[in-house]
Amino acid sequence: MSDKDPKLDAVRMDALQAGTAYAMSPCDDTMKANLIAATTAYARGYAEIYGCPNPAMGMFCSEKKRDQANAAYSTPLDARVKAALAEAFEQKGVVKEDFPADIRPTVLAFAGPGLWSDPSPVCLPRQQATASRK
């Protein structure tokens, strides 16, 4: 269930699908690109509502807007999105530098600790083989 906001629901569904797909195929470059794009869009939507340039410094931003953003991103569908994103980022392979610098702090709120990790050791043999052929 969602709040019936068509624009936000589209972003939610994209993030849910991208997270699920990446979790199933973490070495696929297309899945990675889709995950990055969908997570960026999802985080940007939250950031637009919150209006705080750096959520880590939220004490200097509007509590009312923060509460509005949290409420908008607290539907049961958002819970599914956040679970799918957490599972995707646990697969490794995506690092914080893959995201635009201005949105990284907000992405971290949805990605969990997996975003801070190094690339996937599962994908490294494939990546190394591809690099050696070039």
Side-chain angles (χ1 to χ4, degrees):
M1 296 205 51
S2 73
D3 58 3
K4 308 291 187 228
D5 177 333
K7 181 180 173 191
L8 187 50
D9 279 349
V11 171
R12 288 174 174 134
M13 292 306 295
D14 285 348
L16 179 63
Q17 291 171 351
T20 301
Y22 184 82
M24 293 171 36
S25 297
C27 299
D28 185 291
D29 292 337
T30 300
M31 299 302 166
K32 179 179 177 176
N34 291 343
L35 176 65
I36 291 166
T39 305
T40 298
Y42 188 74
R44 281 201 194 282
Y46 179 90
E48 285 174 16
I49 297 168
Y50 189 5
C52 185
N54 186 351
M57 301 297 288
M59 66 190 107
F60 300 112
C61 297
S62 168
E63 286 183 35
K64 181 180 178 185
K65 285 189 171 192
R66 181 201 62 216
D67 292 346
Q68 288 173 335
N70 288 339
Y73 276 67
S74 64
T75 68
L77 182 54
D78 287 298
R80 290 180 54 211
V81 169
K82 291 170 190 173
L85 292 178
E87 184 178 349
F89 288 108
E90 284 176 12
Q91 304 305 310
K92 313 297 185 215
V94 179
V95 294
K96 64 182 179 177
E97 289 79 13
D98 288 326
F99 293 92
D102 67 313
I103 201 71
R104 285 179 196 156
T106 305
V107 167
L108 290 174
F110 300 113
L115 183 58
W116 291 99
S117 63
D118 294 324
S120 173
V122 173
C123 299
L124 284 178
R126 184 180 136 221
Q127 292 167 346
Q128 291 168 344
T130 302
S132 67
R133 284 187 235 143
K134 291 181 180 179

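Keep in mind the model is a prediction, meaning the values are calculated, not measured.
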Which heavy-atom pair separates [X] from [Y] by the least distance, and what is that distance?
| X | Y | answer |
| --- | --- | --- |
| Ser25 | Met31 | O-CB, 3.7 Å |
| Thr20 | Ala84 | OG1-CB, 4.0 Å |
| Ala71 | Ser74 | O-OG, 2.8 Å |
| Lys7 | Glu48 | NZ-OE1, 4.4 Å |
| Ala18 | Asn34 | CB-O, 3.6 Å |
| Ala88 | Gly19 | CB-O, 3.4 Å |

- Message: Parallel, tilted or perpendicular: which one describes the rings of Tyr42 and Tyr73, with boundaries at 30° and 60°?
- Response: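 The rings of Tyr42 and Tyr73 stand perpendicular, inter-plane angle above 60°.
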
Report yes if the side chains of [X] and [Y] come closer than 4.5 Å at any heavy-atom pair, otherwise no.
| X | Y | value |
| --- | --- | --- |
| Arg80 | Arg12 | no |
| Arg44 | Asp102 | yes |
| Tyr22 | Asp28 | no |

- Set of salt bridge (Lys or Arg N to Asp or Glu O under 4.0 Å) partners for Asp98, sequence neighbours left out: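 Result, salt bridge (Lys or Arg N to Asp or Glu O under 4.0 Å) vs Asp98: Lys32.
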
- Query: Are more than 12 heavy atoms from other residues, nucleotides or ligands located less than 6.0 Å from atom CD of Glu97?
  - Reply: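 It does: Glu97 CD has more than 12 such atoms within range.
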
- Query: Between CG of Leu35 and CD of Gln91, what distance do you get to the nearest 0.5 Å?
  - Reply: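 One finds 10.5 Å between CG of Leu35 and CD of Gln91.
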
- Asp9 and its side chain to side chain contact (heavy atoms under 4.5 Å, CB included) partner, picked from Thr75, Leu77, Asp14: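 Going through Thr75, Leu77, Asp14 one by one, the side chain to side chain contact (heavy atoms under 4.5 Å, CB included) with Asp9 is satisfied by Leu77 alone.
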
- Among all residues two or more places apart in sequence or in another chain, which pass the side-chain contact (heavy atoms from CB on, under 4.5 Å) test with Ala43?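 For Ala43 the side-chain contact (heavy atoms from CB on, under 4.5 Å) partners, ignoring immediate neighbours, are Ile103, Thr106, Val107, Phe110.
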
- Query: Would Asn70 and Tyr50 count as having a side-chain donor-acceptor pair, cut-off 3.5 Å?
  - Reply: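 Short answer, no.
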
